[in-house]
Amino acid sequence: MTQSNFEARLAQAREASTRLREAIATVIVGQNAVVDQVLWALIAGGHVLLEGAPGLGKTLLVRTLASSLELKFSRIQFTPDLMPSDVTGTNVLVMDATGGATGRFELHRGPIFGQVILADEINRATPKTQSSLLEAMQEHAVTIAGIRHVLDQPFFVLATENPIEMEGTYPLPEAQLDRFLLKVMVPNPSEDEMTAILARTTGHAVEAPKSVLHRDDVMALRALCRDIAVAEPVLRYAARLIAASVPDSPTAPELVRRGLRYGAGVRGGQSLVLASKSLALLEGRAQVAFTDIQRVALPVLRHRMIRSFEGEADGVTTDQVIEELCRVVPTRPGAVEQVVQGSR
Amino acid sequence: MPPANTELGRFHRLFQRWARHVRLRLAARALLTGLAVGFAVAGVVAAALWWQRLGTLRPAAAALGAVGVLVALLIATRRRMTDTDVALYLDARLESKEAISTALELGSEDDAGAVVLGDAVHALDKGDRKRARPRVLRALHALTPVGIGAVIYLSVIPLPPGPAAAPAAPGSSRVQLANLQGLEKIERLENLDARDAEQRERLKQIAEEAKRLREELAKGMEKREAQSKIAKLRDDVAAERLKLGDQKNRAGLEAAVGKLAENKSTKDAAKALGDGDLVEFDKKMQELANKAEKADREAAKQALDEAQKAAREKGAKELAQALEEQKKLFEKREAKAEALRELARGMKGKLSEEALKDLEEFGQSGSPEAQKRLAESLEKALGGMTEEERKRLAERLQKQMEQQPGGAAPMTKEQIDDMAKRLGTPEGQKALEEQLKDLAKPDASKESERDKGLGDAERGGAEAERGRGGVAPGPALGSEGGQPGGAPGNKGDKGNKGDKADGAGGPGSKKDFGTGDHKGNTAKLDAKGLRSKATGKMNAGAPMQGSTMGRAPSRPGETANQAGTGALGQAGPSELGGVEGAEVPEEYREQVGRYFQP
């Protein structure tokens, strides 16, 4: 059987992702799951919110990714006094050589006009400044002084936040959180990983990796991701999961009813399918499986649910809720599941 | 269906083959499950049929196995898996990551579709059939041989023994008696001299009922039926006996008793009448008629007359009639007693000392026994007289008659004359002896005779009831039966004759001669007294007061623990109404009584 075009593209995508992983691995020790999830978002065309304690390599990961991608990288350090114009840019009066005003304004573009944006410690800025990212993240465009400026593609925002720095931080508004495709939890390294980190970072500085993927490669991956097929039963399963996350839904399990105030919405469902497609692509498949949906459910849904007072008081986490949903919501119709179980 | 030479066509061909295979196995499993459930039910049904001893139907229970197969076929058809369901099943079993489900939805072989189809075809083509096929046999299917075995076993084994027959209802056994003792006494009521036509009819009916019962008993009938009929007869007789004291005559009876009680000499007679004891009443009136004092007799006649009027005024015609008859009889008895006395006076010199005592007692108490003894003494004395003495007796009798003009002579002047003449001849002497015998015989009233007859019938009923295994209640208070069961103080009580209580009465009544006072003190009893009571004559047959032995005829004033006084005049109106005015039908009371018999 001859290899089809799509199959060849799939193979190329797998090869590209492998190269990217290897490039990142030259700088980042371990954190394979985090790297994979960041790649899901990159390929799906979404943005990532990284949460973890300071010093776990979040910023380094983003910088390394940017270096590997040969894309324009910008970093915005969010502080409480950061203004929206500091992010988007502003028009400034142009001066002539004598220092006199020319009467002409020129746009000074802000850091948002990059392709890989690192929004470091995003929850330290005020909600007003945080929301300056909304238009850019959703529409890939910025409006300054009434003029809309389309951002270069691919546009990829990676934000970090410190969960323990509560003093002087502002929680991200739900609308802002919803714009992130994934919320990735950065775990503490294992002992082996820590040993390797210590060895690697206490000697001579490590060179940044060379770019292994170009803009066109990333755009091709994104296009390929959208071609991944999804069967109706799989889509229905995603829909059932989202529906069951709403506390008022008749299919919601007890933990959802008790622990959540709001569940995931339509954007959550879209993100679930997109992230699943991305995962299938990275695994060299042309179709999404039930297991893909289950694997991406945690990073896709965990920041889209708002806990109730009772849930917070009981210490119910959104991760627990999502795990419960994956356990309770059936993947196949009941009759089929009985046959599958009965023949085992 | 897409062309077979394309990848899509190949996929569909492969998929349909798999789907057919999966569906067939699922259908087979459903059929086997239906068969197992059907035979399990058949086993249970066969067990139930065996238990119910429906032996011939047991093998038919096996048909439920076929029913189970049909039902399973129906369910399997209705629940047939769709292509999508089969694809999902195959994806799960072949671990093809939903490639088959996705390929099934593809309409063309576009870029991604081609890859998906390739994966799906690969999965179907290389998939392990053994691993992917649904299991046909399940643990549940083991019920099939068990059910079949149960049906066969239950069809072969003998049926369980039937339940023991229910015991016969009490009294439902049949009895057959050629001659039940006691019924003849009731049958004799037919010949009893009735008070009027109505009573004659009633007595005739009772007698006929007794005859019918005798015939039925000869043929054989249920014991309880026989007991019921005997009890009914007894009730009828008792009702007839108490007729003068029934609701219709009660007011008149009370009035008559009141009038008689006003007179000292007729007080005892009043009590007897109140008790409904007409024999005793008749005896008391006989004694009064025999008395020598004319004033006493006149007073008694006066009281009888007033009582009769009072009874008539109160509408008690039957009682008034009975009193009227008693009055006439009284005059007749008076004349007889006077004749006897006259004769005795005429033969005064010839009478023995004993005869003189009898004459004196006869005059004082009027006792019928004294009357009998006096007549016998006179007869004896007459036999010992010479012809001369007889002539002198005749002359003396004539002289006495002359000295006694008018008055209530027992014999007319002509009669005495005639007797005096006849005394001279042996035939006359013989006639006088016969007359003396007649004088010795006390005259009983018709009411008294009737009461005796009814009393006999009542005792006959009791005899018949005992003969049928029932426990007959004792006769009514005041009866002359002398049968066991008579209440203390009445004539039937043969024991304790020396008891002070000559009538009924319980603790606290005026007949209660207890030694205590109302302050709760009791006199000291000496051992001798106690011993005398301990050795007192016992009447084993007499029931305790208030004890219920079958059906007991109620008495006015009687309660559970106190015997009735027997006197209607002393019973309260509410008590009387409670007894006579009861709305419970007699038949029902009789039925209840029959079932409550020990």
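In the text below, chain A, chain B and the rest are named by the order of the sequence lines, each starting its count at 1.
Chain A forms more heavy-atom pairs under 4.5 Å with one residue of D119(B), L88(B), D91(B) than with any other, namely L88(B). Between chain A and the options A99(B), S101(B), A103(B), heavy-atom pairs under 4.5 Å are most frequent for A99(B).
Proximity to chain A is absent for every atom of L104(B), based on heavy atoms less than 4.5 angstrom apart. Neither the backbone nor the side chain of L224(A) comes within contact range of chain B, judged by heavy atoms closer than 4.5 Å.
Heavy atoms only, all atoms of each residue included: A231(A) and E105(B) are closest at CA-OE1, 3.3 Å.
Residues of residues 277-293 of chain A having a heavy atom under 4.5 Å from any heavy atom of chain B, listed by number: R285(A), A286(A), Q287(A), V288(A), A289(A), F290(A), T291(A). The stretch residues 241-250 of chain A places none of its residues near chain B, where near means some heavy atom under 4.5 Å from a heavy atom of that chain. Heavy-atom proximity under 4.5 angstrom to chain A picks out M81(B), T84(B), D85(B) from residues 67-85 of chain B. Among the residues in residues 30-44 of chain A, none has a non-hydrogen atom closer than 4.5 angstrom to a non-hydrogen atom of chain B.
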How far apart are the C-alpha atoms of V230(A) and T102(B), what are their side-chain angles, what is the distance that settles it, and do they pass the side-chain contact (heavy atoms from CB on, under 4.5 Å) test?
CA-CA 6 Å; V230(A) 189; T102(B) 311; over 6 Å; no
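Heavy-atom neighbours of H140(A) NE2 from other residues, nucleotides or ligands within 6.0 Å: above the threshold of 12. Within a 6.0 Å radius of CZ in R19(A), other residues, nucleotides and ligands contribute more than 12 heavy atoms.
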